[in-house]
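Computed from a predicted structure; not experimentally measured.
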Amino acid sequence: MFEKVNIPDCIVIIGLVTALILAIFYTLNELVMSIASCLLGYIGGTVKSAVYQKGEEKP
């Protein structure tokens, strides 16, 4: 049911979320917007590549 967890992706996502929360607490609005867009782009790229690779494995 569950695929293998990609450790480097999880570390990057956890780091970006932590930085986002800290930037929100310190009210650094420009940094919050940059980190949020980076996080969304990274997650979108990771999901897209995971779906593409999953489709290749099953003929």
Atom pair CG/OG1 of Asn29 and Thr27 - distance to nearest 0.5 Å:
6.5 Å
From CG (Leu20) to CG (Leu28), nearest 0.5 Å:
11.0 Å
Drop me the distance from Ile13's CD1 to Ile43's CD1, to the nearest 0.5 angstrom.
4.5 Å
Say whether Tyr26 and Val32 are linked into one hydrophobic cluster, either directly or through other cluster members, by side-chain heavy-atom distances under 4.5 angstrom.
yes
Quick check on the hydrophobic clustering: are Val12 and Leu40 connected, directly or via other members, by side-chain heavy-atom contacts under 4.5 Å?
no
Can you measure from CG (Leu16) to CD1 (Ile21) and round to the nearest 0.5 angstrom?
11.5 Å
Is there a chain of hydrophobic side chains (I, L, V, M, F, W, Y, each step under 4.5 Å between heavy atoms) that links Ile24 to Ile35?
yes
Val17, Phe25: one ILVMFWY side-chain cluster at the under-4.5 Å cut-off?
yes
